[in-house]
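For the single chain, residues carry numbers from 1 onward in sequence order.
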Amino acid sequence: MNVLNRLAETIAQRAGADPDSSHTARMLSKGPEKCAEKFGEEAIEAIIEAAKGDTAKLTYEAADVVYHLMVMLTAREVAWADVLAELERREGTSGIAEKASRT
C-alpha cells in the first residue's frame, strides 16, 4: 500500500472522530462547501509557489493540495479508490483523445 492509500484510510477513519481532537474531522464537520473552499485555497498557494519557482515550497504546498483534495472527496463521499480507478481507465489514452470522448 502506498502513502496515498494510507492517507485516504486515515482520512476515512478520522471522519467520524471528535472535531476537537482531529483537524480532518473538524474540516469535515464544516461541510463539503468549506472543504472545497479550503482545497481551492491550497491550490492557489501551490500555483503561487509554482510561479515563483521555489521547488521546496511548491513540494510542501502540493502535499497540502493532495491532502485537501482527499478531504474534499471524503466530504462528498467519493472514494479515493474510485479516483484511482478513473485514472487507470484513462491510462494510456492521450489527453486529447480522452477529452474528445467526453463531447
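In terms of the side-chain contact (heavy atoms from CB on, under 4.5 Å) criterion, residue partners of Leu4 (sequence neighbours excluded) are, by chain and number, Asn2, Val66, Met70, Trp80. In terms of the side-chain contact (heavy atoms from CB on, under 4.5 Å) criterion, Gln13 has no residue partners (sequence neighbours excluded). Judged as a side-chain contact (heavy atoms from CB on, under 4.5 Å), and not counting sequence neighbours, the contacts of Glu61 are Glu42, Glu45, Ala46, Glu49, Asp64. The side-chain hydrogen bond (donor to acceptor under 3.5 Å, both in side chains) check on Thr24 picks up Tyr67, with sequence neighbours excluded. Taking the side-chain contact (heavy atoms from CB on, under 4.5 Å) definition, one finds that Asp20 meets it with Asp18, sequence neighbours left out. Residues meeting the salt bridge (Lys or Arg N to Asp or Glu O under 4.0 Å) test with Lys57, sequence neighbours left out: none.
Considering only heavy atoms from C-beta on, Glu41 comes within 4.5 Å of Glu37 through its side chain. At a threshold of 4.5 Å between non-hydrogen side-chain atoms, the residues Met27 and Lys34 do not count as touching. For the pair Thr10 and Arg14, the minimum side-chain heavy-atom distance is below 4.5 Å. For the pair Ile48 and Lys52, the minimum side-chain heavy-atom distance is below 4.5 Å.
The hydrophobic cluster of Leu58 has no other members, since no ILVMFWY side-chain heavy atom comes under 4.5 Å of it.
Residues Ala17 and Ser22 approach most closely at CB-CB, 4.1 Å, considering heavy atoms. In plain terms, the two heavy atoms of Phe39 and Met72 that are nearest each other are CD2-CE, 3.7 Å.
Arg89 and Glu86 are joined by a salt bridge, as a carboxylate oxygen and a charged side-chain nitrogen come within less than 4.0 angstrom of each other.
Contacts classified as salt bridge (Lys or Arg N to Asp or Glu O under 4.0 Å) and involving residues 66-78 (residues at least two apart or in different chains) are given here: Glu33-Arg76.
Under the side-chain contact (heavy atoms from CB on, under 4.5 Å) rule, Cys35 has a single partner from Leu73, Val71, Leu69, which is Val71.
In the hydrophobic clustering of this structure, Leu7 groups with Val78; members are Ile, Leu, Val, Met, Phe, Trp, Tyr whose side-chain heavy atoms approach within less than 4.5 Å, directly or through other members.
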